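Report on the structure given below.
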There are 2 protein chains.
Amino acid sequence: MARTPRNTLSPELIVRTALEVMESRGTDAFSLRGVAAELGVGPMALYTYFRNKDELYDAVRDHLMGLLPAVPGDAAWPDQVRTVCRSLRLLMLQHPCLAQLLAGRPLSGHETARVAEGLLGVLRAAGFDAETAARTHTTLFTYVLGSTSWEIQMAAERRDPEAWRRLRATMESLSARDFPSVVELAPELARTTGGDEQFDYGLDLLLAGLQLRTPA
Amino acid sequence: MARTPRNTLSPELIVRTALEVMESRGTDAFSLRGVAAELGVGPMALYTYFRNKDELYDAVRDHLMGLLPAVPGDAAWPDQVRTVCRSLRLLMLQHPCLAQLLAGRPLSGHETARVAEGLLGVLRAAGFDAETAARTHTTLFTYVLGSTSWEIQMAAERRDPEAWRRLRATMESLSARDFPSVVELAPELARTTGGDEQFDYGLDLLLAGLQLRTPA
DNA sequence: CGTTCATAACGTACAGTGTATAGTACGGTG
DNA sequence: CACCGTACTATACACTGTACGTTATGAACG
């Protein structure tokens, strides 16, 4: 009985396939069994290469982080920072699963470290001390992660008619007397759940605040 | 055979119990069956009050949002904004499940709207136009959500020795030649994954940037 | 009081999940 | 050729959310 030949699998192949499954079937519908089936292999075969589902997640995350371009060396530091943040956001939009992969687990992995190195290097070169550089890195990272995750999530929900209906219902149940601002700004709020402008608005606030602290 | 008496359940009781289960057993281990068992009832009994798990999630989220205090009326607007953001963060730290409840679903619900109303009201009163108020609201919300979720997540991982070991391993595999900043700033990075100072640092950057745009 | 009836809670069942454990056949090495 | 590590398989378990159909209860009404 012709079994599966011996060395068909590899960590890289599994990661690539896992990514494909996440992108085609959606992150929530992702399962080890799905990946295994796609590879024409039993579910347990994956455990030869990854100890559990979380380790596979980490590998996929690091793989995606490897797609980030290097920081451009020939620009003023605020522009460099902007570029790094924008490319991370772009990558998250291109690969929506990345949002969940980043949010759920600590940042282990070589490629992930490379990205951190890029941003930290820029900040150190700009003259910020160790503590401020680290704080700024965390702040920027959590801003990008939070705002882009939110954007992705909302875009996904907008496609679900049931969720949309429920949100509409809540909105319309609000009296203009008790909730004047929410009712008045409803269209603006709907418009500002995502998009480049919204992202840049917050990023510019952070950068403006940061430039006030520019070291001598 | 003495069945469960008739009107033992109610949406409020279920929400309270669900919250207890999340807090005691952890958000990930939460399940409808667990809640039902805690109530001494079959799993399907919950479906009389909630159409599915997500609706129960929404109800718990809105219940938690109801715990937020009103915005203090007697302060300068930047302080009011700071207070709102801080109390949301505090609530998330007190109820770690709130992070996941906020991140995963759109903001429906009465209490949730009340919180939005508070922040938007402050911004409108400060003189910001509709668009800027909405953008600022989204920016602040995603910052609080992103940074606090990250903080909670990291705190949870730190308790898992396996995750800790893996992160250490990654760190120590980095050569000081290729990753000078990461290696140098490792202690600072570890220290800035959370805490009041870290949160306030980012919040102050945003507020500083925002004050540069203070309307006349 | 007796009857009716909507419905709250039940039990069963299904299609999934991650993964522990044990078994099997292949490929490279002695 | 014999051996052994290992890449993969098979089976099984304890879960999950929830669709479906049933049953008993408490209130309303004649």
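The sequence lines fix the lettering, A, B, ..., with proteins before strands; numbering per chain opens at 1. Predicted model, so just to flag it, every value in this text is computed and none were measured.
Residue A/Y49 places at least one side-chain N or O closer than 4.0 Å to OP1 or OP2 of D/dC8. A/S31 has a side-chain polar atom (N or O) that falls below the 4.0 Å cut-off from OP1 or OP2 of C/dT17. OP1 or OP2 of D/dC8 sits under 4.0 Å from a side-chain N or O of A/T8.
For the pair A/L32 CG and C/dG16 C1', the interatomic distance rounds to 13 Å; values are reported in whole Å. Rounded to whole angstrom, the span from the CD1 atom of B/I14 across to the P atom of C/dA8 amounts to 11 Å. Straight-line distance from the CZ atom of A/F50 to the P atom of D/dA7: 13 Å, rounded to whole Å. Whole-Å rounding puts the B/N52 CG to C/dG16 C1' distance at 17 Å. Between B/D54 atom CG and D/dT16 atom P there is a gap of 16 Å when expressed in whole angstrom units. Going from atom CZ of B/R25 over to atom P of D/dC15 covers 11 Å, rounded to whole Å. The distance between atom CG of A/D28 and atom P of D/dT16, rounded to the nearest whole Å, is 18 Å. Nucleotide C/dT19 holds its C1' atom 14 Å from the CG atom of A/L56, rounded to whole Å.
Evaluation of the side chain to side chain contact (heavy atoms under 4.5 Å, CB included) rule for A/D178 yields A/S175 as partners, not counting sequence neighbours.
With rounding to the nearest 0.5 Å, the separation of CG in A/L67 from CD in A/E111 is 8.5 Å.
Applying the 3.5 Å distance criterion, the base of C/dG18 shares a donor-acceptor pair with the side chain of A/R33.
A salt bridge does not link B/E20 with B/R16: every distance from a Lys NZ or Arg NE/NH1/NH2 to an Asp or Glu carboxylate oxygen is 4.0 Å or more. The residues B/R135 and A/E188 are annotated as not salt-bridged, no charged nitrogen and carboxylate oxygen being separated by less than 4.0 angstrom.
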Please test B/Y57 against B/F50 for ring-ring contact (aromatic ring centres under 6.0 Å, His included), starting from the C-alpha separation and ending with a verdict. CA-CA 10 Å; B/Y57 276 157; B/F50 299 95; over 10 Å; no
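Counting non-hydrogen atoms under 4.0 angstrom, B/A45 reaches the backbone sugars and phosphates but no base.
In this structure, B/M44 and A/M44 both approach DNA chain D, and ranking their closest nucleotides by distance from the 5' end singles out A/M44.
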